[in-house]
Amino acid sequence: MKFQSPKGVSEYFPPRSHAFEFVRDQLLAPIKNAGYQLLELPIFEDTELFTRGVGESTDVVSKEMYTFEDRGGRSITLRPEGTVGALRSVIEHGLDRAGLPVKVFYCGSFFRAERPQAGRYRQFYSVGIEAIGSDDPALDAEVIALAYEGFYGIGLRKFRLEVTSLGDAQSRKAHRVDLVAYINSLNLDEATKARAQINPLRLFDDKRPDVAAMMAKAPRLLDYLSTESADHFAKVQEYLSAMGIAFTINPLMVRGLDYYTGTTFEFVHEDLGAQSGIGGGGRYDGLMESIGGQNISGIGFGLGIDRALLAAEAEGVVSSTDFAPTLYLIPLGQSAKAVAMKLAHELRDRDISVEVAMGDKALKNAMKSADKSGALFSLVLGESELESGNVELKEMSTGVATSVTLSALVPTLITRTLKK
RNA sequence: GUGGGCGUAGCUCAGCUGGUAGAGCACUCGGUUGUGGUCCGAGAUGUCGCGGGUUCGAGCCCCGUCGCUCACCCCA
């Protein structure tokens, strides 16, 4: 029996795992600089949290959840997205009672039982933030900017930002009446009518040319915004422009999660396949209250680490290289090995990365391993070195060795590494 | 859930009109005393995805199945 990973999961192993780590850390960096604080959350929750929060009519809830019964007979679901779990935690622990807005971030894996394809996995990784308890349009702009800065920090350039506003409840209600009337006037097949029943906005996202042509003339939500909503959206745009962040308004944008209201946005990359969305999010006015919290609004996003990595690779801005130590230590003989272990232990304590040759290889082969490790320096520790206390520190790129006393090894490595 | 493409060594792949499996890279060891990269030599590695069928004989043909992959749908 040869085991393999479950269908459709993404997993990262060296050397690519290092590029993954880089992408994740770059996405996280601006978030931390803006005062968002870590929320480390469970990856499974009470199923009802998602059905209530995300919405039963969404594809995510109706057909993509990993749901099972635990030993106590409770219905449990692997989290398909991060927002409702984050809000549940905020509410449960009263984080929203100690000053608003609450600003939190999280990072980890999410699960959707879909048919896998390029950039779409059953277990995928996201970085997310939530800013809860302020209606200030500047907060919308900040959230969008943090996603933008994260992608930019990775080195991505071939992406665009699309924004729109879904307005407040009154705006959507007025629009929906006209939109449904318009859709009913169209000659559509049954499956499409069924989709429109669930959420008429979905039809704006239909890729079939004939449907898209019909929907191009449909009433647009942006034209139905209340003065308050329109004003809010105008300010968001103003702040984005002030930050020099380019965006396009996409009045046809549709998001698959029911809770979005007001400002919504998506980041789309040019070089990806069908799954080109590398991140997205928006404001959610009623969500806190719908899962048992106070009636306050919030805004957040989810950024796809897997897809951002794919995009970075497509743009050629990340390289997947193996770990390379500063020093590769080669002990010769049993007494030298104990000294080498001690030395490595001390060096690592001083934050110098060290690998020790294992397995008593011939010196020649140990040097080959040192070369392969990509180490900056190598050092042979044998009888003569132990006696004299002098070692030859060899710079691998030039082949030049310099004599150093063992006691001077740490300062020498530190200064010579800094010069690189 | 629906459709297309593909499954041969760790990786990339070759394998003719069916005759019981190969290359390159990588790996391990060696090329006379304790120093890598180039070069030379030697070595290890496959249930040809799995199961069935046709055939004297199947990596190759047929059926099924599983997996991977891309797209629809949906989204990170």
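Each chain gets a letter, A, B and so on, in the order its sequence line appears, and its residues count up from 1. As a basis for the values below, the full set of heavy atoms in this structure was taken, side chains included, without hydrogen atoms, waters or symmetry mates.
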Can you check the [X] [atom1] to [N] [atom2] distance for me, whole Å?
X: F110(A); N: C74(B); atom1: CZ; atom2: P; answer: 22 Å
X: L393(A); N: G36(B); atom1: CG; atom2: P; answer: 17 Å
X: Q4(A); N: C68(B); atom1: CD; atom2: C1'; answer: 8 Å
X: D59(A); N: C72(B); atom1: CG; atom2: C1'; answer: 13 Å
X: L329(A); N: U35(B); atom1: CG; atom2: C1'; answer: 14 Å
X: R112(A); N: C73(B); atom1: CZ; atom2: C1'; answer: 13 Å
X: D258(A); N: C74(B); atom1: CG; atom2: P; answer: 13 Å
X: K368(A); N: A26(B); atom1: NZ; atom2: C1'; answer: 13 Å

Any donor-acceptor N/O pair under 3.5 Å between [N] base and [X] side chain:
X: E114(A); N: A76(B); value: yes
X: R120(A); N: C74(B); value: yes
X: S384(A); N: G34(B); value: yes
X: D371(A); N: G37(B); value: no
X: E385(A); N: G34(B); value: yes

For this session: Have a look at H232(A) and tell me which of D140(A), D135(A), D168(A) forms a side chain to side chain donor-acceptor pair (under 3.5 Å) with it.
Result: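 Of the listed options, the one satisfying the test is D140(A).
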Mind checking if [X] touches a base, just sugar-phosphate, or nothing, with heavy atoms under 4.0 Å?
X: I278(A); result: sugar-phosphate
X: E383(A); result: base
X: A370(A); result: nothing
X: G128(A); result: nothing
X: I330(A); result: nothing
X: Y125(A); result: nothing

Exercise. Which one of R79(A), R52(A), R88(A) satisfies the salt bridge (Lys or Arg N to Asp or Glu O under 4.0 Å) criterion with E45(A)?
Worked result: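 When salt bridge (Lys or Arg N to Asp or Glu O under 4.0 Å) is applied between E45(A) and each of R79(A), R52(A), R88(A), only R88(A) qualifies.
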Nearest to side-chain heavy atoms of [X], which nucleotide of [options]:
X: L332(A); options: G34(B), C72(B), C70(B); value: G34(B)
X: R115(A); options: G36(B), A71(B), C74(B); value: A71(B)
X: K361(A); options: A71(B), G36(B), U28(B); value: U28(B)
X: V380(A); options: C72(B), G34(B), G37(B); value: G34(B)
X: K364(A); options: A71(B), G31(B), C74(B); value: G31(B)
X: K63(A); options: G31(B), A71(B), C73(B); value: C73(B)
X: M367(A); options: G67(B), G34(B), G36(B); value: G36(B)

Give a yes or no on whether a salt bridge exists between [X] and [Y], defined as a side-chain N under 4.0 angstrom from a carboxylate O.
X: E162(A); Y: R160(A); value: yes
X: E355(A); Y: R348(A); value: no
X: E315(A); Y: R157(A); value: no

State whether [X] places a side-chain N or O below 4.0 Å from either non-bridging phosphate oxygen (OP1 or OP2) of [N].
X: Q117(A); N: A71(B); value: yes
X: Q275(A); N: A76(B); value: no
X: R255(A); N: A76(B); value: yes
X: K372(A); N: U28(B); value: yes
X: K7(A); N: C68(B); value: yes
X: N365(A); N: C29(B); value: yes

Seminar exercise, completed: Taking Watson-Crick and G-U wobble contacts under 3.5 angstrom, with | marking pairs to another strand and [ ] crossing pairs, the secondary structure of RNA chain B is written (((((((..((((.....[..)))).(((((.......))))).....(((((..]....))))))))))))....
Can you tell me how far [atom1] in [N] sits from the matching atom in [M], rounded to whole Å?
N: C25(B); M: C66(B); atom1: C1'; value: 30 Å
N: C60(B); M: C70(B); atom1: C1'; value: 26 Å
N: G59(B); M: A26(B); atom1: C1'; value: 24 Å
N: C13(B); M: U8(B); atom1: P; value: 9 Å
N: G19(B); M: G49(B); atom1: C1'; value: 24 Å
N: C61(B); M: U17(B); atom1: P; value: 10 Å
N: G30(B); M: G37(B); atom1: P; value: 13 Å
N: C56(B); M: C68(B); atom1: P; value: 38 Å

Problem set entry | Distance-only donor-acceptor check, side chains R283(A) and S297(A), under 3.5 Å |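 Yes, S297(A) and R283(A) have a side-chain donor paired with an acceptor closer than 3.5 Å.
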Exercise. Between D285(A) and Y259(A), is any side-chain donor less than 3.5 angstrom from a side-chain acceptor?
Worked result: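 Short answer, no.
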For this session: Assess whether atom CZ of F44(A) is packed by more than 12 heavy atoms of other residues, nucleotides or ligands within 6.0 Å.
Result: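 Check fails, neighbour count at 12 or below.
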For this session: Please indicate whether E383(A) has more than 12 foreign heavy atoms, meaning atoms of other residues, nucleotides or ligands, lying under 6.0 Å from its CD.
Result: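 Count not over threshold, so no.
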Exercise. Y36(A) and F105(A): aromatic ring centres closer than 6.0 Å?
Worked result: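 Not close enough - the centres of the two rings lie 6.0 Å or further apart.
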Problem set entry | Close aromatic pair by centroid cut-off 6.0 Å: Y260(A) and Y284(A) |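 Ring centres of Y284(A) and Y260(A) not closer than 6.0 Å.
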For this session: Within residues 28-44 of chain A, find the residues that approach RNA chain B with a heavy atom at under 4.0 Å, and present them sorted by residue number.
Result: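 Output list: empty, so none.
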Exercise. On the ring face of Y224(A), is R172(A) found with NZ or CZ under 6.0 Å from the centre and within 45° of the axis?
Worked result: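 So R172(A) doesn't make the cation-pi contact.
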Exercise. Do the ring planes of F267(A) and F265(A) sit parallel (below 30°), tilted (30 to 60°) or perpendicular (above 60°)?
Worked result: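 The arrangement is perpendicular - the two ring planes meet at more than 60°.
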For this session: Would you mind telling me which of L347(A), T326(A), L343(A) makes a side-chain contact (heavy atoms from CB on, under 4.5 Å) with V354(A)?
Result: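 Of the listed residues L347(A), T326(A), L343(A), the side-chain contact (heavy atoms from CB on, under 4.5 Å) partner of V354(A) is L347(A).
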Exercise. If you find the nucleotide of RNA chain B closest to L381(A) and the one closest to R307(A), which residue's nucleotide is nearer the 5' end?
Worked result: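 Closer to the 5' end of RNA chain B: L381(A).
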Problem set entry | 5' priority, RNA chain B, between S5(A) and T58(A) [closest heavy atom] |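 The residue mapped nearer the 5' terminus is S5(A).
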